[in-house]
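Predicted model only: the values in this text are computed from it and were never measured. When a ligand or atom number is given, it counts from 1 through the structure's own listing order.
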Amino acid sequence: MSSSATLSAPIAPPALDELCVNTLRFLAVDMVQKANSGHPGLPMGSASMAYALWDRSLKFNPRDPHWPDRDRFILSAGHGCALLYALLHVTGFDLPLEELKNFRQWDSRTPGHPEYGKTPGVEATTGPLGQGLANGVGMAIAEVALAARFNRPSHRIVDHYTYVLVSDGDLEEGISSEAGSIAGHEHLGKLIVLYADNHITIEGSTELAFTEDRMARFAAFGWHVQRVERSNDIDAVALALENARKETDRPSLIAVRTHIGFGSPHKQDTAAAHGEALGVEEVRLTKEGMGWPVEPAFHIPEEALEHFRRAVARGSVAQVEWESRFKAFAQEHPDLAVEFQRVIDRHLLKDWDASLPTFASADGSMATRVASGKVIEILGSRLPEMMGGSADLGPSTHTNIDRAGNFEPENWAGRNMHFGIRENAMGAILNGIALHRGLIPYGGTFFVFTDYMRPPMRLAAMNALPVIYIFTHDSIGMGEDGPTHQPVEQLVGLRSIPGMVVLRPADANETVAAWRVAIGRQQGPVALVLTRQGLPVLDLKSYPAIPDGVPLGGYILADSPTSERPDIVLIATGSEVHLALEARDRLAAEGVHARVVSMPSTNLFASQSADYREKVVPVDVPLLVIEAGSPVGWQSFVGPRIAVIGIDTFGASAPGPVVMQHYGFTVENVCRQAHHVLDQLKEKVSCV
Ligand SMILES: Cc1ncc(C[n+]2csc(CCOP(=O)(O)OP(=O)(O)O)c2C)c(N)n1
């Protein structure tokens, strides 16, 4: 039996329950009213079911929000965050009442939507609807994966639930089907979702746009579904939660018929309760109607606070109990206990990268996706916390770890994930796994399909989550599949996400170095952008700068053939680096001294010192950038003395080398444009 089941609080008498629920309701109402901004409706309607969960079964310790075996609670309907902040305050997290009074204000710990890292107890940044639900699936996956790895017959040190509160909007978003389908397929029995079924969205009734049978939909995904007709029936919600926990083989959806703006005489059950303060008069009427003092605002009855604060002692007991179980586990399995602590702390094993390969030109031509696959193989065996896969493109993205097994209900210890063709959910699940801690998640797809997973990538960057993306088929060079599959604007799009490190290595050795950066970066996501087509290997004997150069983002790969200052700097990324190298030789024969700068990561290069950047790309030397992607971004990056060989249309269907040639990615064109730049220094050109 799960340890969670032993932690129920003594049940409060109904009157005290109601007092507690109304405390949550009116704290939320007052927060939104004072800020004159926010969403009172969902908190008012969902306070009772949230209370049923937090009071009767959620396993958490307000004094240690990071305790590894706590239950996770995610408010996927992040717009209702006033409810979460109220819960965190009353149960004793480090969130003083003052913070509730500063809701949505500058520098408060109560931002407009829950932000991970800003508020103790907030497990995930939510607000973009649907993402939180898929984060929950990721957390539930992490739980079973770690349980499979670390639990032993008489030791269950990983044993917690993931609870998610969703709204209509969460379930309308397509990602809920992607994530719901995976969760059902994987039999994630410890994932429990409470659905605020209030029949209202912003534009009015759900009858306008959301009429399918949600219960049947989730049942078809393989979920256990229940309905609670009266949300204020706390016992009924608590019973449904208990049933859900007993259902160990299927995730659970509990649809609770809630009423948006519950208690508001003029706004309950209307869209008017959704996204704006009730208004002074309506607040007064609501409070009077429910027997609540109109003044002072932010009133917390003593008995309610006392009851809520029992969570501190309860949480402490639960944590101490877990710690003693962990101690017993550590006595019997000392190595495993150290290993558990290591992965939870995100510490890498010493010498984790010692056996990474060096490639030689004798290895022949090699696509960077293939080199990446070889690296994953080695890292995967060295770092058992690596877990990932792709959106049904494993054979193309080379994301499989041989001998690591498939992650599936019969084998949750497997580390190869099959996300199916569900990029958005894959991204959000990776975020959930990273948020949970204990695993290094990675996921792959074709680069062009990053458009399908931009929302979770943006959140990964916002939350500095260590997630690794493996994006292959990185340019028009991928060929025959044509413009639908040929990325053009994706590079600049990804680079523009604050905190996202994008690396587009030029060959197998740069790929190894890029993976070192990716694994070593604990703070934020890394996207590896890799070729489908084979590329020559840049031998380290000829190009010794690669291992130290790649982490700097840009470096001198091959300097001007004379020791003099170069006439021109050729900056290239990925597959175009080889064009630049060939052009350099040809330009030398024509009397032009060119330096080749490989710039696998503009983001990392931009973060180097001005001195270093000047050394690599001197301000007074003309530049020619060669990249098979949109030229947007490069001009502003290096100023007016620049030309870019880029692409400002979509690609075309033909063999890769033919497309490359037609789009100007030839040695001849690079040399021609280099001369052009030198002839017309003052002119800013973008040429294809
Ligand atoms: C992806 C995404 N699209 C749109 C929004 C804007 N938005 C916020 S809440 C909401 C829908 C509100 O309906 P519901 O989810 O039922 O919440 P409730 O009205 O019950 O508060 C929308 C469209 C969003 N937050 N995320």
Nearest neighbour in protein (non-hydrogen) for atom 3 (N) of ligand 1: Glu173 OE2, 3.7 Å

What about Phe449 and His485, are their ring centers closer than 6.0 Å? yes

Would you mind running through ligand 1 and noting each atom that sits below 4.0 Å from a heavy atom of Asn198? 18 (P), 20 (O)

For ligand 1, find out whether one of its N or O atoms is nearer than 3.5 Å to an N or O atom of His79. yes

For Trp54 together with Phe308, are the ring centres under 6.0 Å from each other? no

Donor-acceptor side-chain pairing of Glu282 and His266 below 3.5 angstrom: yes

Trp292 vs Phe26 aromatic rings, parallel, tilted or perpendicular, using cut-offs 30° and 60°? parallel

Polar contacts were defined as any N/O atom of the residue lying under 3.5 Å from an N/O atom of the ligand; does this apply to Thr201 and ligand 1? no

Report yes or no: is the cationic atom of Arg214 (NZ for Lys, CZ for Arg) under 6.0 Å from the centre of the six-membered ring of Phe210, at an angle within 45° of the ring normal? yes

Within a 6.0 Å radius of atom CD on Glu203, are there more than 12 heavy atoms belonging to other residues, nucleotides or ligands? no

Say whether Ile200, considering both its backbone and side-chain N or O atoms, lies within less than 3.5 Å of an N or O atom on ligand 1. yes

Nearest protein heavy-atom contact for atom 19 (O) of ligand 1: which residue, which atom, what distance? His274 ND1, 2.9 Å

Within a distance under 4.0 Å of any heavy atom of Gly169, pick out the atoms of ligand 1 and give their elements. 14 (P), 15 (O), 16 (O)

Is the ring pair Phe262/His259 parallel, tilted or perpendicular, if the boundaries are 30 and 60 degrees? tilted

The protein heavy atom nearest to atom 23 (C) of ligand 1 is Ile202 CD1, 3.7 Å

Regarding Asp235 and Arg230, does a basic nitrogen lie under 4.0 Å from an acidic carboxylate oxygen? no

Counting only heavy atoms closer than 4.0 Å, does ligand 1 sit against the backbone of Glu172, its side chain, both, or neither? neither

List every atom of ligand 1 that sits less than 4.0 Å from any heavy atom of Asp168, numbering the atoms from 1 in the order shown and giving each element. 15 (O), 16 (O)

Please determine whether a side-chain nitrogen of the Lys or Arg among Arg109 and Asp94 lies less than 4.0 Å from a carboxylate oxygen of the Asp or Glu. yes

Only heavy atoms count here, so choose which of Thr126, Leu129, Val166 is nearest to atom 10 (C) of ligand 1. Leu129

Going by the 4.0 angstrom heavy-atom rule, the piece of Ile260 near ligand 1 is side chain

Leu42: numbered ligand 1 atoms lying under 4.0 Å from its heavy atoms: 20 (O), 21 (O)

I want to confirm something. Looking only at heavy atoms, which of Gly127, Pro43, Gly45 is nearest to atom 24 (C) of ligand 1? Gly127

Using distance alone, determine whether Pro128 and ligand 1 share an N or O pair under 3.5 Å. no

Quick check on Glu18: does its CD atom have over 12 non-hydrogen neighbours (other residues, nucleotides or ligands) under 6.0 Å away? no

I'd like to know whether ligand 1 has Gly80 as a neighbour, heavy-atom separation below 4.0 Å. no

